[in-house]
There are 2 protein chains.
Amino acid sequence: MATDIGTRLRSVRMVHNLSQRELARRAGVTNATISLIESNKMNPSVGALKRVLDGIPMALAEFFALEMPTRQKAFYAADELTEVGKGSISFRQVGGDLSDRRLQIMVERYAPGADTGRILLRHDGEEGGIVTRGRLEVTIGDQKRILGPGEAYYFDSRQPHRFRNPGNEPCEVVSACTPPTF
Amino acid sequence: MATDIGTRLRSVRMVHNLSQRELARRAGVTNATISLIESNKMNPSVGALKRVLDGIPMALAEFFALEMPTRQKAFYAADELTEVGKGSISFRQVGGDLSDRRLQIMVERYAPGADTGRILLRHDGEEGGIVTRGRLEVTIGDQKRILGPGEAYYFDSRQPHRFRNPGNEPCEVVSACTPPTF
DNA sequence: TTCTGTTGTTAATTATCCTGAACATTTTAC
DNA sequence: GTAAAATGTTCAGGATAATTAACAACAGAA
């Protein structure tokens with residue numbers, strides 16, 4: 001899986017918010033090529049892969065140097081949140097197992113259309129959050145989901161990721177990350 | 001030239017002291033493939049290139065991350081050495097222009113068959129030397145030469161390089177490098 | 001709904017890679 | 001010296017990549 005070109009390309013493309021056709025247009029190849037590469041149904045030439053990556057843009061060295069973390073459970077349904085605490089104060093905890101997790105909790109607010117940008121965020125640590133209001137589009141590696149109130153995410157920050165508010169009402173997220181950003 | 005696969009491959013192969021056929025055998029491809037790739041007469045598939053590099057062995061990421069310094073004058077004939085000093089003490093200086101060159105002079109002695117090994121040496125700085133006795137095979141990037149007494153070399157140490165005594169008599173070299181090794 | 005546009009995938013044709021077997025040179029051994 | 005082995009290169013063929021054009025699934029707007 002370390003040299004799984006298809007998965008790598010799909011992951012990179014998704015994080016940059018490009019469709020197969022859009023990337024193909026920028027790269028000067030056809031969408032079928034992108035599709036076949038991503039599904040590992042063909043073995044692209046170095047030149048073709050370079051052209052594709054130029055459409056990102058990304059260098060070959062960077063592409064092959066990408067670490068591909070093992071996919072982990074990244075999304076939780078609203079009713080999958082573990083209920084912690086009780087009485088007048090109630091916590092709903094994302095991810096049942098907190099062993100080897102150290103988090104700093106935060107509250108984030110995304111204006112309509114707000115976006116962390118096409119550049120892929122990657123840093124050490126882990127992060128997670130719960131959407132409390134509005135909708136949030138979360139991209140993690142090759143997975144992309146639009147989350148609504150009560151839904152949550154949790155992932156290893158070394159995976160390339162991106163956040164965007166696709167709706168036209170503000171979005172509020174209770175999020176957390178480790179180690180403290182900045 | 002930054003993505004000149006042929007030159008990169010040839011350079012790597014030479015430094016590892018492999019013939020096209022020997023590398024082809026290890027990689028499970030034909031020597032024609034190696035030849036065509038190195039002369040940039042074809043655009044290899046990623047899979048094929050990976051197989052070839054496995055025969056080195058070298059990872060794709062490392063291969064594409066290799067910096068390709070601009071080729072510089074690397075070899076000097078015996079009579080190209082600049083005569084410095086005079087009288088009872090005489091220096092023969094490699095490379096006429098010493099501006100932005102800082103060197104530490106050393107004397108090296110290679111027993112018959114001695115070899116710095118197949119691993120590619122690369123480090124910051126520059127190095128040069130003069131063969132005073134015997135013969136020395138010097139590989140610098142994609143250039144390989146066997147030097148005899150009076151002949152010399154000088155190059156940027158970031159280029160992959162290797163030294164070997166191919167003869168059966170001892171070889172003595174007056175060499176120099178910067179910054180001091182160790 | 002129905003339409004329009006976009007998504008990713010798949011089949012058939014064209015273009016290209018990769019091989020297998022030759023070739024000319026050079027190196028090494030005798 | 002010649003012979004034999006090893007080097008890198010080139011050419012015709014079968015294998016494979018990349019294109020073109022179609023397909024089905026889905027989303028959003030009228």
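The chains referred to below are lettered A, B, ... by the order of the sequence lines, with proteins before strands, and numbering in each begins at 1.
The shortest distance between the side-chain N/O atoms of B/K41 and the OP1/OP2 oxygens of D/dT9 is not below 4.0 Å. For the pair A/S45 and C/dT16, the criterion of a side-chain N or O lying under 4.0 Å from OP1 or OP2 is not met. Applying the 4.0 Å criterion to OP1 and OP2 of D/dG8, one finds that B/R13 has a side-chain N or O inside that range. For D/dT19, the OP1/OP2 oxygens have a side-chain nitrogen or oxygen of A/T33 closer than 4.0 Å.
Here the nucleotide nearest the side chain of B/T30, chosen from C/dT19, D/dA21, D/dA17, is C/dT19. Candidate nucleotides D/dT10, C/dT10, D/dT7 were compared by shortest atom distance to the side chain of B/S19, and D/dT7 ranks first. Comparing D/dT9, C/dG8, D/dT10 by their nearest atom to the side chain of A/R21 picks out C/dG8. Among the nucleotides D/dA18, D/dT9, C/dT19, the one closest to the side chain of B/R10 is D/dT9.
Side chain of B/R135 to backbone of B/I146: no donor-acceptor contact under 3.5 angstrom is found.
Judged by closest nucleotide on DNA chain D, B/Q20 is the one of B/Q20 and A/A48 placed further toward the 5' end. In terms of position on DNA chain C, the residue among A/E22 and B/V46 whose nearest nucleotide sits closer to the 5' end is A/E22.
Protein atom CD1 of A/I34 is 14 Å distant from nucleotide atom C1' of C/dT7, rounded to whole Å. For A/M14 and C/dT7, the CE to C1' distance is 11 Å, given to the nearest whole Å. One atom, CG of A/L36, and another, C1' of D/dC23, lie 14 Å apart when rounded to the nearest Å. Taking atom CG of A/L23 as the reference point, atom C1' of C/dT7 lies 14 Å away to the nearest angstrom. Look at CE on A/M42: it is 14 Å from P on C/dT16, rounded to the nearest Å. Atoms CD (B/E38) and P (D/dT10) sit 13 Å apart, rounded to a whole Å. Spacing between atom CG of A/N40 and atom C1' of C/dT9 amounts to 15 Å, rounded to whole angstrom units. Between A/L49 atom CG and D/dT16 atom C1' the separation is 17 Å, expressed in whole Å.
For the pair A/R26 and A/G55, the tightest heavy-atom approach, listed with the atom from each and the gap, is CD-O, 3.5 Å. Across every non-hydrogen atom of A/N43 and B/A48, the tightest pair is ND2-N, 4.1 Å.
One donor-acceptor pair, N or O on each side, does fall under 3.5 Å between the base of D/dT9 and the side chain of B/N31. Contact annotation: side chain of A/N43 to base of D/dT16, donor-acceptor pair absent below 3.5 Å.
With respect to the salt-bridge test (charged N to carboxylate O, under 4.0 angstrom), the residues A/K50 and A/D54 qualify.
The side-chain heavy atoms of B/R164 and B/L136, taken from C-beta on, include no pair separated by under 4.5 Å. Between B/L23 and B/H16 there is no side-chain heavy-atom pair separated by less than 4.5 Å.
Across all strands shown, C/dC18 forms no Watson-Crick or G-U wobble pair with both key distances under 3.5 Å.
A/S35 comes within 4.0 angstrom of a nucleotide base, judged by non-hydrogen atoms across all strands.
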